[in-house]
Amino acid sequence: MMRDPFNRGGKSNAIVILTGAGISKESGLDTFRDADGIWTKVRIEDVATADAYVRDPVGVLAFYNARRRNVLADNVRANAAHDALVRLENEWPGAVLVVTQNVDNLHEMAGSRNLVHMHGELCKVRCTACSNVIECQDDLDTTTACAACAAIGTMRPHVVWYGEMPFDMDRIYAALSTCGLFVSIGTSGNTYPAAGFVEEARRTANAHTVELNLEPSEGHSLFAERRYGPATEIVPAFVDEVLAKGW
Ligand code: BV8
């Protein structure tokens with residue numbers, strides 16, 4: 001591990017990066033709230049809540065099957081923004097944690113290791129009877145059997161629906177309270193608790209906060225620094241700067 005060349009007066013050199021659907025847009029994956037976004041085509045209440053799954057398991061499973069197939073399509077690859085975060089993780093002397101709201105596997109595909117999927121992963125499924133979680137690249141339907149308890153029709157996408165508790169919140173809050181830099185990339189800042197992380201990092205760690213997005217997010221005024229443009233352009237440029245001279 002390289003010695004930290006930048007004298008920060010003892011301030012933490014740990015970095016927390018929050019990503020949203022915007023970082024995967026240029027890889028060909030839809031966002032949620034843009035003009036052609038997912039939530040303009042289907043209602044959250046019909047596909048992304050536990051009630052919807054009880055009411056219409058066939059419809060909900062079909063929705064996630066289609067998104068899983070989409071993410072696994074040959075032409076969907078990690079882009080320069082994903083790659084830049086891997087470079088930061090490998091070359092920055094301090095800890096770098098990527099907290100993604102995305103359920104795609106593009107951060108892994110790029111090589112990110114210190115990574116939290118706070119809203120779950122499309123390529124994982126969970127049994128509602130025994131809570132067993134397995135990797136899955138195939139379609140689910142109401143006749144799918146659980147490999148662990150053999151129950152039928154109990155498999156659901158291992159994603160966090162609205163009204164459900166996000167994953168790894170303790171690890172995330174611990175990292176936010178000890179970071180020196182918090183960066184938010186490609187997210188509209190519409191969904192909580194993720195949208196509250198910038199305030200958490202400022203309040204508990206007095207961290208420097210940066211928004212990298214195509215346009216101002218709902219929480220843009222909460223960030224000390226803001227840069228706008230396509231992620232594949234502004235993220236590599238920002239990472240180059242941090243590796244060259246810190247923040
Ligand atoms: C919970 C997984 C209890 C499933 C998702 C406080 C106030 C108000 C409401 C609440 C609150 N606290 C809780 C709530 C309720 C709710 C909520 O926030 N509702 C909102 C709608 C008001 N939150 C919950 O229910 C959460 N659970 O709160 O549990 C609790 C409370 C406290 C502490 C612990 C627990 C659970 C929410 C999780 C839902 N699941 N995804 C799936 O994928 O199907 S949310 C989903 O939408 C994403 O994961 C993401 O989190 C969210 C927003 O999406 P974004 O990623 O931001 O995408 P979006 O399209 O909105 O924006 C894209 C951005 O990218 C844009 O700004 C655009 O400009 C930019 N962009 C586009 N192209 C590019 C680009 N940027 C750069 N380059 C480009 N090329």
Side-chain angles (χ1 to χ4, degrees), residues 17-53 59-68 70-71 78-82 84-85 98-107 116-126 140 156-173 176 183-200 210-220 223 226-238:
I17 312 265
L18 174 69
T19 66
I23 198 171
S24 296
K25 176 76 174 180
E26 295 161 84
S27 294
L29 298 180
D30 288 343
T31 61
F32 292 91
R33 287 175 184 73
D34 290 326
D36 58 355
I38 293 172
W39 299 148
T40 65
K41 297 165 186 146
V42 289
R43 294 179 338 129
I44 287 177
E45 299 85 303
D46 297 340
V47 293
T49 64
D51 295 352
Y53 178 64
V60 168
L61 293 180
F63 171 70
Y64 284 98
N65 288 342
R67 288 178 59 197
R68 188 181 301 108
N70 203 13
V71 161
N79 62 50
H82 298 104
L85 297 183
V98 175
V99 177
T100 189
Q101 299 168 82
N102 300 342
V103 292
D104 65 50
N105 60 353
L106 298 185
H107 283 300
V116 169
H117 278 272
M118 71 176 291
H119 291 162
E121 300 169 63
L122 275 172
C123 294
K124 286 185 179 171
V125 295
R126 183 170 83 239
L140 281 185
R156 59 161 278 179
H158 187 54
V159 299
V160 177
W161 285 325
Y162 284 89
E164 295 185 326
M165 175 72 86
F167 298 142
D168 295 316
M169 289 306 292
D170 297 345
R171 181 179 173 193
I172 295 169
Y173 281 129
L176 289 170
V183 185
S184 176
I185 302 173
T187 185
S188 59
N190 161 284
T191 296
Y192 289 78
F197 291 171
V198 57
E199 285 165 300
E200 189 73 14
V210 180
E211 171 167 272
L212 304 177
N213 214 45
L214 195 61
E215 62 201 348
S217 73
E218 291 191 17
H220 70 274
F223 289 86
R226 298 173 285 271
R227 304 187 187 187
Y228 298 114
T232 57
E233 291 170 19
I234 61 176
V235 176
F238 180 76

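Every number for a ligand or one of its atoms is a count from 1 in the order of the listing. Throughout, numbering of the chain's residues begins at 1 and tracks the sequence.
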With a 3.5 Å cut-off and no angle check, do the side chains of S24 and D104 form a donor-acceptor pair?
-> yes

message = With a 4.0 Å cut-off on heavy atoms, is P230 in contact with ligand 1?
response = yes

The protein heavy atom nearest to atom 51 (O) of ligand 1 is Q101 OE1, 2.7 Å

Atom 69 (O) of ligand 1: closest protein heavy atom, distance to 0.1 Å, is E215 OE2, 2.7 Å

re atom 52 (C) of ligand 1, the protein heavy-atom contact at minimum distance is T191 OG1, 3.3 Å

Note: M169, heavy atoms under 4.0 Å from ligand 1, region reported as neither

Next on the checklist: Within a 6.0 Å radius of atom CG on D36, are there more than 12 heavy atoms belonging to other residues, nucleotides or ligands?
Outcome noted: yes

Hits for salt bridge (charged side-chain N to carboxylate O under 4.0 Å, His left out) against E45, two or more places apart or cross-chain, chain-then-number order -> R43

The answer for which part of K25 has a heavy atom under 4.0 Å from ligand 1 is side chain

Taking both backbone and side-chain atoms of A48, is any N or O found less than 3.5 Å from an N or O belonging to ligand 1? no

At under 4.0 Å between heavy atoms, what of V103 touches ligand 1? The answer is side chain

Quick look: R33 vs ligand 1, heavy-atom contacts under 4.0 Å, and the answer is both

Within the 4.0 Å heavy-atom cut-off, what S188 brings close to ligand 1 is both

- request: Kindly state if atom 31 (C) of ligand 1 has a protein heavy atom within a strict 4.0 Å cut-off, that is, under 4.0 Å?
  value: no

If you scan protein heavy atoms around atom 10 (C) of ligand 1, the nearest is Y192 CB, 4.1 Å

A student checking ligand 1 against A231 at a 4.0 Å heavy-atom cut-off should list atoms 77 (C), 78 (N), 79 (C)

Review point. Given side chains that start at C-beta, do those of I23 and L85 come closer than 4.5 Å, heavy atoms only?
Key: yes

Got an N/O contact under 3.5 Å between G163 and ligand 1?
yes

**Asked** Would N65 and R68 count as having a side-chain donor-acceptor pair, cut-off 3.5 Å?
**Response** yes

Measure from atom 15 (C) of ligand 1 to the protein's non-hydrogen atoms and state whether any distance is below 4.0 Å. no

In this structure, atom 67 (O) of ligand 1 is nearest to the protein heavy atom N213 ND2, 2.9 Å

for atom 40 (N) of ligand 1, nearest protein heavy atom and its distance come out as V160 O, 2.8 Å

So for N190 against ligand 1, with non-hydrogen atoms under 4.0 Å, the contacting part is both

Quiz item: Taking distance alone, with no angle check, do Y173 and ligand 1 share an N/O pair under 3.5 Å?
Solution: no

| Polar contact flag, side-chain donor to acceptor under 3.5 angstrom, Q101-T191 | no

May I ask whether A194 has any heavy atom positioned less than 4.0 angstrom from an atom of ligand 1? no

So for P166 against ligand 1, with non-hydrogen atoms under 4.0 Å, the contacting part is side chain

- [ ] Report yes or no: does M118 have a heavy atom closer than 4.0 Å to ligand 1?
- [x] no

ask   = Is atom 3 (C) of ligand 1 less than 4.0 angstrom from some protein heavy atom?
value = no

